[in-house]
A.B. asks: 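One structure is given below, represented as structure tokens, and several questions about it will come after.
Naming convention: chains lettered A, B, ... in sequence-line order (proteins, then strands); numbering from 1 in each chain.
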Amino acid sequence: GAGVSQSPRYKVAKRGQDVALRCDPISGHVSLFWYQQALGQGPEFLTYFQNEAQLDKSGLPSDRFFAERPEGSVSTLKIQRTQQEDSAVYLCASSPDSLGAEAFFGQGTRLTVV
Amino acid sequence: DQQVKQNSPSLSVQEGRISILNCDYTNSMFDYFLWYKKYPAEGPTFLISISSIKDKNEDGRFTVFLNKSAKHLSLHIVPSQPGDSAVYFCAARRSNDYKLSFGAGTTVTVRA
């Protein structure tokens, strides 16, 4: 496809379960971002990759959150031992340049922790 | 700490009239501003941007105005169309940074 693709679209996890969220960015895009959007709020920055290098993970809320992009294309956001406060929409975005000026967003993964 | 604020959670406007969406920011280091539009179950889509060296940028029916001294920007949609019904997010960053700070969004409903 031409756009950023995320899977799954919806995920329900029991508290304490590990989850993995996948992002397929636009082919050739250098920059990849993960954002977390809580209900009624705007997206909040989690982490940034330039190719395969994770240059910024300052927004990850705890050490239960881990992201990787091993070959500089597909990225996975992993959340270990999920908690109810992790319930949110997780958005992935990619950009052709290193500043991500006009990033293209995927449709997001809605995670509900019960 | 919300550095970008959209104080109106919703806006209802009649088709054909002007929609004005407002956004305030607190970080004086921000010098690049964007508006994103989001339909339900879709990701945000880039709409229009403005650099701090300008005070106005226009693209078709969409115009963004920037008032740096007031740390305020606004998005004007003229004329409003039913397809404009969506959530609009204001975002900001420093020109040498990649990290976007978003407002909470304004839901626009265009009435026929």
A.B. asks: Answer yes if Leu11(B) and Leu47(B) sit in the same cluster of Ile, Leu, Val, Met, Phe, Trp and Tyr residues linked by side chain heavy atoms under 4.5 Å apart, and no otherwise.
C.D. replies: yes
A.B. asks: Over all heavy atoms of both residues, which pair between Gly42(A) and Phe89(B) is shortest? Give the atoms and the distance, please.
C.D. replies: CA-CE2, 3.7 Å
A.B. asks: Determine the minimum heavy-atom distance between Ser49(B) and Glu102(A), stating which atoms define it.
C.D. replies: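 Ser49(B) and Glu102(A) have their closest heavy atoms at OG-OE2, 3.8 Å.
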A.B. asks: Can you confirm if the aromatic rings of Phe46(B) and Phe105(A) lie within a centre distance of less than 6.0 Å?
C.D. replies: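 No, the ring centres sit 6.0 Å or more apart.
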A.B. asks: Going by side chain to side chain donor-acceptor pair (under 3.5 Å), name the pairs with one or both residues in residues 4-18 of chain A, residues two or more places apart or in two chains.
C.D. replies: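 Residue pairs with at least one partner in residues 4-18 of chain A: there are none.
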A.B. asks: Please look at Thr45(B) and chain A and tell me whether the side chain, the backbone, both or neither of the residue comes under 4.5 angstrom of a heavy atom of that chain.
C.D. replies: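 Nothing of Thr45(B), per the 4.5 Å heavy-atom cut-off to chain A.
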A.B. asks: Where does Glu44(A) contact chain B at under 4.5 Å (heavy atoms): side chain, backbone, both or neither?
C.D. replies: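 Glu44(A) touches chain B through side-chain heavy atoms alone.
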A.B. asks: Rounded to the nearest 0.5 Å, what separates atom CG in Leu55(A) from atom OH in Tyr98(B)?
C.D. replies: 6.5 Å
A.B. asks: For the interface with chain A, which of Gln6(B), Lys99(B), Lys38(B), Glu42(B) has the highest count of heavy-atom pairs at distances below 4.5 Å?
C.D. replies: Lys99(B)
A.B. asks: Below 4.5 Å from any heavy atom of chain B, which atoms of Tyr35(A) appear? Answer side chain, backbone, both or neither.
C.D. replies: side chain
A.B. asks: Of the non-hydrogen atoms in Pro44(B) and Gly106(A), which two are nearest, and what is the gap between them?
C.D. replies: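 The pair with the smallest heavy-atom distance is CD-O, 4.4 Å.
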A.B. asks: With hydrophobic residues grouped by side-chain heavy-atom distances under 4.5 Å, do Val19(A) and Leu91(A) end up in a single group?
C.D. replies: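 No: no chain of side-chain contacts under 4.5 Å links Val19(A) to Leu91(A).
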A.B. asks: Is the count of non-hydrogen atoms from other residues, nucleotides or ligands lying under 6.0 Å from Arg17(B) atom CZ greater than 12?
C.D. replies: no
A.B. asks: Look at the side-chain heavy atoms of Ile, Leu, Val, Met, Phe, Trp and Tyr, link any pair under 4.5 Å apart, and say whether Trp35(B) and Phe33(B) land in one connected group.
C.D. replies: yes
A.B. asks: Heavy-atom count around Glu71(A) CD within 6.0 Å, excluding the residue itself: above 12?
C.D. replies: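 It does not: Glu71(A) CD has 12 such atoms or fewer within range.
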A.B. asks: Suppose we call two aromatic rings close when their centres sit under 6.0 Å apart. Are Phe102(B) and Phe45(A) close by that rule?
C.D. replies: no
A.B. asks: Treating Ile, Leu, Val, Met, Phe, Trp and Tyr as nodes and any side-chain heavy-atom pair under 4.5 angstrom as an edge, say whether Phe62(B) and Leu73(B) lie in one connected cluster.
C.D. replies: yes
